[in-house]
Amino acid sequence: MIDLRLVREDPEAVRASQRLRGDAVEAVDALLHADEARRSAVSAFEALRAEQNQLGKLMPKAAGDEKAALLARTKTLAADVKAAQAAVTEAEQVLRAAQFAIANVVQDGAPGGGEDDYVVLREVGTRPEPADARDHLALGELLGAIDTERGAKVSGARFYYLTGVGALLQLGLLQLGLWQAVEAGFTPVIPPVLVKPESMEGTGFLGSHAAEVYHLPADDLYLVGTSEVPLAAYHKDEILALNGPLRYAGWSSCFRREAGSYGKDTRGIIRVHQFDKVEMFSYCPPEEAAQEHQRLLAWEEEMLGKLELAYRVIDVAAGDLGSSAARKFDCEAWLPTQNRYMEVTSTSNCTTFQARRLNTRYRDADGKPQTVATLNGTLATTRMMVALLEQHQQPDGSVRVPKALQPFVGGRDVLEPVKAGS
RNA sequence: GGAGGGUUCGCCUAGUGGCCGAUGGCGGCGGUCUUGAAAACCGCUAAGGCAGCGAUGUCUUCGUGGGUUCGAAUCCCACACCCUCCGCCA
């Protein structure tokens with residue numbers, strides 16, 4: 001939810017942001033009008049209410065003719081108050097709708113444009129170019145690690161089983177990430193993955209993402225697409241005592257309908273309905289958010305370094321940000337068989353945008369409540385297995401396990417193909 | 001699924017129509033006393049909107065939404081959530 005004060009004080013900055021995103025500039029003026037309308041409705045109501053309160057105080061002391069006169073006056077006043085109150089409620093609804101129509105103000109420095117207008121910040125590592133490379137699914141089947149056929153039989157397209165070293169690899173990857181976070185001072189969290197509508201709504205996922213979200217109508221609960229949802233809603237309606245950034249690392253399964261992505265990444269486990277993820281989530285004062293964002297990115301890169309993956313970092317363009325983010329950096333790992341980079345992590349700085357709707361605040365140096373900034377970033381996810389298998393494959397179909405990961409997969413340094421027929 | 005009980009300012013709690021934005025305790029903050037600390041005592045201690053440079057004023061909020069009333073924490077209705085008991089299932 002956009003900061004109304006900012007829109008009032010510097011509407012031009014918000015208009016510029018809208019332009020950079022390719023969103024409607026007129027939405028800013030609509031919001032300013034709605035704000036104006038609400039304020040005048042409020043003062044009208046308050047003047048009437050103040051009079052009503054005044055007269056109400058006289059009532060118990062009054063008697064006789066005086067009381068009758070008072071009653072007559074207050075009776076008409078009561079109707080006026082009611083009408084004025086209804087006008088305020090309506091003006092507030094209009095204002096809220098106008099407020100939701102505007103996405104977060106893009107951070108200075110973020111590139112303008114759409115999905116293809118990202119800026120590559122750096123490329124890290126040497127891209128491996130294995131001869132006769134097998135793709136991750138072929139490797140996964142050789143290793144007895146990934147079974148998409150039975151996944152489809154049991155649950156449908158975009159479902160899969162992880163078996164044998166596949167199951168171990170995923171758990172190891174997530175643990176490597178989680179331990180890195182714990183050592184960096186994060187509080188590890190296993191959150192609920194079913195949330196109430198207000199939690200889903202408060203984190204902004206029922207807006208443009210609504211079609212992506214699984215809903216359980218019998219209980220009116222939603223399956224989360226990321227632990228960002230329960231981690232952000234965790235401190236809803238709270239005033240935090242912040243002493244530096246408050247950091248959580250959430251481990252959860254994630255569920256996505258992948259509506260509208262028919263035909264995209266259909267092979268293997270790149271784009272699936274269910275996967276696991278360790279997500280970093282940080283609460284901090286707004287003035288520290290940009291720094292914290294860089295830290296989250298650094299932790300993501302540290303993780304990819306441990307996995308010995310070749311990747312690049314991109315600065316996502318304004319039009320591709322999502323409504324809550326002011327800035328977003330993605331790390332994309334190299335995929336030899338597709339000759340392209342694939343997103344494996346994403347970190348967003350949501351500034352105060354997400355926290356404002358969730359009403360999550362902190363006390364500043366003067367002890368005054370202020371809206372906090374929230375940030376999130378991927379630390380480990382099922383999808384990293386795709387890059388890991390492909391980049392570390394060897395000619396015989398075995399896959400090298402990076403050193404840092406070995407302790408988390410039972411000390412294995414190589415994953416070997418299993419015999420056929422199992 | 002059935003039957004009860006509950007939801008008030010960080011926590012606990014008082015409050016059955018105007019004297020209630022709301023009692024008391026705990027916790028927290030400040031002070032007196034003390035070499036220091038403890039104890040005791042005194043004071044302060046919800047959030048938000050609007051107007052104003054400001055002092056301040058004013059309005060809203062007692063789970064949520066509606067209703068009754070000149071006036072609602074208090075009466076009525078609906079809903080949500082929590083707890084207890086019973087049943088059912090792991």
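Given the structure is predicted, the values throughout are model-derived calculations rather than measurements. Within every chain, numbering begins at 1; the chains are lettered A, B, ... in the order of the sequence lines, protein sequences first and strands thereafter.
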Which base sits across from B:A22 as a Watson-Crick or G-U pair, both distances under 3.5 Å?
-> none
Ion pair check, A:Glu92 and A:Arg96, cut-off under 4.0 Å = no
Could you work out the separation of B:C11 and B:G27 based on their P atoms and round it to a whole Å?
-> 16 Å
Under a 4.0 Å N-O cut-off, is there an ion pair linking A:Arg73 with A:Glu51?
-> yes
Whole-Å distance between B:G71 C1' and A:Arg73 CZ?
-> 15 Å
Which value, in whole Å, describes the distance between the P atoms of nucleotides B:C81 and B:G87?
-> 24 Å
To the nearest angstrom, how far is A:Asn359 atom CG from B:A46 atom P?
-> 17 Å
Counting heavy atoms from C-beta on, name the nucleotide in B:A47, B:C59, B:G71 closest to the side chain of A:Arg363.
-> B:A47
When the P atoms of B:G63 and B:G57 are considered, how many whole Å apart are they?
-> 28 Å
Atom-pair distance (CD on A:Glu198; C1' on B:U64), nearest Å = 10 Å
Between CD of A:Glu92 and P of B:C59 the distance, given in whole Å, is 17 Å
Report the base-pairing partner of B:C85 (Watson-Crick or G-U wobble, both distances below 3.5 angstrom), or none.
-> B:G2
Closest-nucleotide 5' rank along RNA chain B - winner of A:Lys196 and A:Gln85 | A:Gln85
For atom CZ of A:Arg5, is the number of surrounding heavy atoms from other residues, nucleotides or ligands below 6.0 Å larger than 12?
-> no
Complementary nucleotide of B:U68, counting Watson-Crick and G-U pairs under 3.5 Å = none
Atom pair distance, as rounded to whole Å: CD in A:Glu51 and C1' in B:G71 | 14 Å
Salt bridge flag under 4.0 Å for residues A:Arg295 and A:Glu292 | yes
Contact under 4.0 Å: A:Asn53 side-chain N or O vs B:C59 OP1/OP2 = yes
Verify the distance criterion only: is there a donor paired with an acceptor across the side chains of A:Asn104 and A:Thr351 at less than 3.5 Å?
-> yes
Of the candidate nucleotides B:U58, B:C50, B:C70, which contains the atom at the shortest distance from the side chain of A:Gln52?
-> B:C70
Separation between the C1' atoms of B:U45 and B:U23, rounded to whole Å = 16 Å
Decide if the gap between the ring center of A:Tyr362 and the ring center of A:Tyr283 is smaller than 6.0 angstrom.
-> no
Heavy atoms under 4.0 Å, any strand shown: does A:Lys368 hit a base, just sugar-phosphate, or nothing?
-> nothing
Assigned partner base of B:C79, Watson-Crick or wobble definition, under 3.5 Å = B:G63
Out of B:G48, B:G49, B:C50, whichever nucleotide has its closest atom nearest the side chain of A:Arg8 | B:C50
Closest to the A:Phe45 side chain: B:C59, B:G48, B:G49?
-> B:C59
Euclidean distance, atom CG of residue A:Asp219 to atom P of B:A80 [Å, nearest integer] = 12 Å
How far, in whole Å, is B:C79 from B:A22 if one measures between their P atoms?
-> 34 Å
Among B:C70, B:G48, B:C59, the one nearest A:Arg361 by side-chain distance = B:G48
Base-pairing mate for B:C29 - Watson-Crick or G-U, with both contacts under 3.5 Å = B:G43
How about A:Gln18 and A:Arg15: does a side-chain donor come under 3.5 Å of a side-chain acceptor?
-> no
Tell me: CZ of A:Arg38 to C1' of B:A51, nearest whole Å?
-> 13 Å
Is the shortest side-chain N/O distance from A:Arg49 to OP1 or OP2 of B:G71 below 4.0 Å?
-> no
The residue, A:Lys67 or A:Asp35, whose nearest nucleotide of RNA chain B is more 5′ is A:Lys67
Please state the P separation for the pair B:U68 and B:C19 - nearest whole angstrom.
-> 22 Å
Heavy-atom donor-acceptor pair, A:Glu46 side-chain to B:G49 base, under 3.5 Å = yes
Taken to the nearest whole Å, CG/A:Leu71 to P/B:G71 is 10 Å
Pick the C1' atom in B:G18 and in B:G54, then give their distance to the nearest Å.
-> 35 Å
Mate of B:U58 where both pairing distances stay under 3.5 Å, Watson-Crick or G-U = B:G49
Given the P atoms of B:U32 and B:A38, what is the spacing between them in whole Å?
-> 14 Å
State which of B:U68, B:C50, B:A47 makes the closest approach to the side chain of A:Lys82.
-> B:U68
Under 30°, 30 to 60°, or over 60°: which ring-plane class applies to A:Tyr248 and A:His235, parallel, tilted or perpendicular?
-> tilted
